[in-house]
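These notes concern the structure reproduced below.
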Amino acid sequence: MAGPNEQVAALLQEYADLISITGGEEFKARVYERAARAVAGYPTDVSTLDQDELQQIPSVGASIAEKISEYVHTGQMPAIEQLRAQVPAGIRELIKIPTLGPKRAKVLHEQLGISSVPELAEAIDAGRLAELRGFGRRTEENLRHGIELLRAAGQRALLPVAMSLAEEVVAALSAVPGCVRCTYAGSLRRMQETIGDVDVLAAADDSAPLMDAFTRLPRVTEVISHGPTRSSVRTDAGLQVDLRVVEPAVWGAALQYFTGSKAHNIRLREIALRAGLTLSEYGLHRTDDGALVVAETEEEVYARLGLPWIPPPLREDRGEIEAALAGELPELVRWEDLRGDLHSHTDLTDGVAPLSELVAAARDRGFRYFAITDHAKDLPMQRMTDEKMLAQREQLRQLDTGRMVLLHGTELNIGPEGEVDWDEDFLAGFDLCIASVHSHFQQPREQLTRRLIRACEHPYVNVLGHPTTRQIGRRPPLDVDYDAVFEAAARTGTALEINSYPDRLDLPDEWIQRARRYGVRFAINTDAHAPTHLDYLRYGVGIARRGWLTAAEVINTWPLSRLRKFVAAKRRKAHR
DNA sequence: GCCGTTTTCGGCCCGACTGTTTTCAGTCG
């Protein structure tokens, strides 16, 4: 989803890197970094903004606004071209090596003429780093190791992998004598869609037993650092885990700090400074005499800065600070608000469990209603027929004991022209229908856009399933004008799915935030292909919260009667 | 280069760990 904002943000970040590498003003580099983050998180497409409007973006002033519009109009940013001419492209690769930053990359380039990762590896092997001041034997080893890690392509982990590792570490550390509290923080607490490393926070008066237990956990393969307040390890999952131990009295400040995001925290510290305070993991202190103001709970820290407590999924500096200051934070949807799941598969198609088992598993989770939505007949590999579908409906009615209402649905296939399976008479027999794209991903943008809009306009399509069809790390999102699709979904009364499957998480959070401005409704679904997949709902809720969704916008928080009216209204409207 | 309930100039987020070096710079989160 490299839209204009992402492209501009990447260029501004590159510019910041180049300033650092060429030894330019550090403050200038930091401004470009801040501006890059602000542009990436800005809800409006920057290519539609004029100079004045661009300057409304935080950290974007006259100079950066000018560079952005140059890029929008010419496809070039001359300032960056100039710096690129001075710095070989490979040097930017160098600073991706862990433990190697812009300062020493500059030294390597100027003194040894190294301008790529392979050249660095060669120089290390030839012992040429020894002649440099500040590069000892350990540094050499660390760089060698860093290059290996970079080559192993430290891909980010999906949520369940990181979550189970985090829960294991937290459970082990909580059992260590002297541990007062322990939890995970960082991007996992914010429910980011993928996790680069796991942050764990503990409170204890004496940190040593916790640090020792941590570095000796069975899944630890390498101890990266080991200190009294912070230690880092690499695990057999390839994921790095950082542990911070603080005194119980500063728990809240530390939790706030280690939850991030970095951009959110920087904003908070700036607010603190203006109020004559400094904020760190040890609490909020008065700048003049260093006296502690608050530290015990997150709520106190935010309150003292004049803010309500901000839920972790919002802490990305994407407007939550402004909303909090204005008293306009959304009341986010919670897992408890969901009354049921509207997307699941049995072994009639590509699920693994028979209908009765999947229904029993859903009932165990306390759902009030549950939709079975096996694939329809246009996906040949599923071998679906009218007879099989009708037989399943009959079986489903018999399993319906009333304690959890069973809905009979289907996941229709959106064909190349936007058409779906079955005629309207057959579709009228379903309680609700999802429709999704499963093939022809490479169509031109205009055609794909028309295809999704046409699906929204179909009277029997109630939910657009996994709307971008992306698979994290494997398949990019469809190239579609989603603004047009969101408008069509809102106009036609078609809900957008938030698919909770960990490698989908589709819609992604930025798109949710954007779609809700059109007045769209959403459905947080599991797309379960096995009973255990029903537990993925927590990840869908996490992404929905990151997209600023409230319960009112999510159709499967509604009572069944309202959900049925939502379906009926669209069918009626089409036949008037 | 940006920004302002102490500022239109003079600041700019904070602290831990490592490694190399005798007091600190670089990197990271």
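Just so it is clear: chains get the letters A, B, ... in the order the sequence lines come, proteins before strands, and each one is counted from 1. On a predicted model such as this, the values are computed, not experimentally measured, just so you know.
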Notebook entry, point to check: Going 5' to 3' along nucleotides 2-12 of chain B, which nucleotides have protein heavy atoms under 4.0 Å from the base (write B), which only from the sugar-phosphate (write S), and which from neither (write -)?
Noted result: SS--S-----B
Item checked: Side chain A:R128, main chain A:L112, donor-acceptor under 3.5 Å -> yes
Checklist line | Contact nearer the 5' end of DNA chain B, comparing A:K96 with A:E140 | finding: A:E140
Checklist line | Nucleotide nearest A:R104 (side chain, heavy atoms from C-beta), chosen from B:dG26, B:dG29, B:dG15 | finding: B:dG26
Check: Of all the nucleotides listed (B:dT27, B:dC14, B:dC17), which has the minimum atom distance to the side chain of A:P228?
Finding: B:dC17
Notebook entry, point to check: Got a donor-acceptor contact below 3.5 angstrom from the A:R156 side chain to the A:T194 backbone?
Noted result: yes
Checklist line | Heavy-atom check, side chain of A:L273 versus side chain of A:L279, under 4.5 Å | finding: no
Next item on the list: State which of B:dG1, B:dC14, B:dA16 makes the closest approach to the side chain of A:R230.
Entry: B:dA16
Next item on the list: Please state how far atom CZ in A:R133 lies from atom P in B:dT20, giving the value in whole angstrom units.
Entry: 12 Å
Check: Under 4.0 angstrom, heavy atoms only, what part of the nucleic acid is A:E281 near: base, sugar-phosphate, or nothing?
Finding: sugar-phosphate
Check: Please give, in whole Å, the distance from B:dC17 P to A:L243 CG?
Finding: 11 Å
Next item on the list: Tell me which nucleotide among B:dT20, B:dT27, B:dG29 gets nearest to the side chain of A:T139.
Entry: B:dT20
Note to self: Measure NZ/A:K106 against C1'/B:dT27 and give the value in whole Å, please.
What the structure shows: 17 Å
Next item on the list: Send over the distance from A:E247 CD to B:dA16 C1', rounded to a whole Å.
Entry: 16 Å
Check: If you look at every strand shown and take non-hydrogen atoms under 4.0 Å, does A:R137 touch a base, only sugar-phosphate, or nothing?
Finding: sugar-phosphate
Next item on the list: Write down the distance separating the C1' atoms in B:dG11 and B:dT7, rounded off to the nearest Å.
Entry: 9 Å
Next item on the list: Mark yes or no for whether A:N265, through its side chain, and A:K262, through its backbone, hold a donor-acceptor pair below 3.5 Å.
Entry: no
Next item on the list: Looking only at side-chain atoms of A:K103, point me to the closest of B:dG26, B:dG1, B:dA16.
Entry: B:dG26
Note to self: Using the C1' atom as the point on both nucleotides, what is the distance between B:dG15 and B:dG10, in whole Å?
What the structure shows: 24 Å
Notebook entry, point to check: Of the nucleotides B:dT20, B:dT27, B:dC17, which has the atom closest to the A:P102 side chain?
Noted result: B:dT27
Next item on the list: Provide the distance between the two P atoms, one in B:dT20 and one in B:dC28, to the nearest whole Å.
Entry: 15 Å
Check: Just how far, in rounded Å, is C1' of B:dC28 from CZ of A:R234?
Finding: 13 Å
Check: Which distance, rounded to the nearest 0.5 Å, do you find between the CG of A:D503 and the CD of A:E193?
Finding: 11.0 Å
Check: What orientation do A:Y536 and A:H533 show, parallel under 30°, tilted 30 to 60°, or perpendicular over 60°?
Finding: parallel
Margin query: Say we look at B:dT6 and B:dC2: how far apart would their P atoms be, to the nearest angstrom?
Written below: 23 Å
Notebook entry, point to check: How long is the line joining CG of A:N142 and C1' of B:dC17, in whole Å?
Noted result: 12 Å
Next item on the list: Please state how far atom CG in A:L239 lies from atom P in B:dG29, giving the value in whole angstrom units.
Entry: 13 Å
Check: Between B:dC17 and A:T229, is there an OP1 or OP2 to side-chain N/O distance shorter than 4.0 Å?
Finding: yes
Margin query: Taking only the C1' atom of each, what is the distance from B:dC12 to B:dG19 in whole angstrom?
Written below: 29 Å
Next item on the list: Looking at every strand, decide which applies to A:T278 at a 4.0 Å heavy-atom threshold: base, sugar-phosphate, or nothing.
Entry: sugar-phosphate
Margin query: Taking pairing as Watson-Crick or G-U wobble with both contacts under 3.5 Å, can you name the mate of B:dC17, or confirm there isn't one?
Written below: B:dG26
Next item on the list: With sequence neighbours excluded, give me every side-chain hydrogen bond (donor to acceptor under 3.5 Å, both in side chains) pair touching residues 63-80 of chain A.
Entry: A:Q7-A:Y71, A:Y32-A:K67, A:Q51-A:S69, A:S63-A:K67
Next item on the list: Answer with base, sugar-phosphate or nothing: what part of the nucleic acid does A:Y32 contact at a heavy-atom distance below 4.0 Å?
Entry: sugar-phosphate
Next item on the list: Verify salt bridge (Lys or Arg N to Asp or Glu O under 4.0 Å) between A:E316 and A:R546, making sure each step is shown before the conclusion.
Entry: CA-CA 9 Å; A:E316 298 290 347; A:R546 290 179 61 81; 2.9 Å; yes
Notebook entry, point to check: Does A:S500 reach the side chain of A:I524, with side-chain heavy atoms less than 4.5 Å apart?
Noted result: yes
Margin query: Whether A:R514 engages the ring of A:F486 as a cation-pi pair (distance to the six-membered ring centre under 6.0 angstrom, angle to the ring normal within 45°) should be assessed.
Written below: no
Notebook entry, point to check: Hey, does A:N265 reach any base, or is it just sugar-phosphate, or nothing, if we go heavy atoms under 4.0 Å?
Noted result: nothing
Check: Between the base of B:dG29 and the side chain of A:Y257, is there a donor-acceptor distance below 3.5 Å?
Finding: yes
Note to self: Using a 4.0 Å heavy-atom cut-off, does A:I97 contact any base of the nucleic acid, only the sugar-phosphate backbone, or nothing at all?
What the structure shows: sugar-phosphate
Next item on the list: On DNA chain B, check which nucleotide each of A:Y15 and A:S225 is closest to and give me the residue with the more 5' one.
Entry: A:Y15
Checklist line | Nearest-Å distance once atom P is located in both B:dT27 and B:dT21 | finding: 15 Å
Check: In whole angstrom, what separates A:Y282's OH from B:dG29's P?
Finding: 17 Å
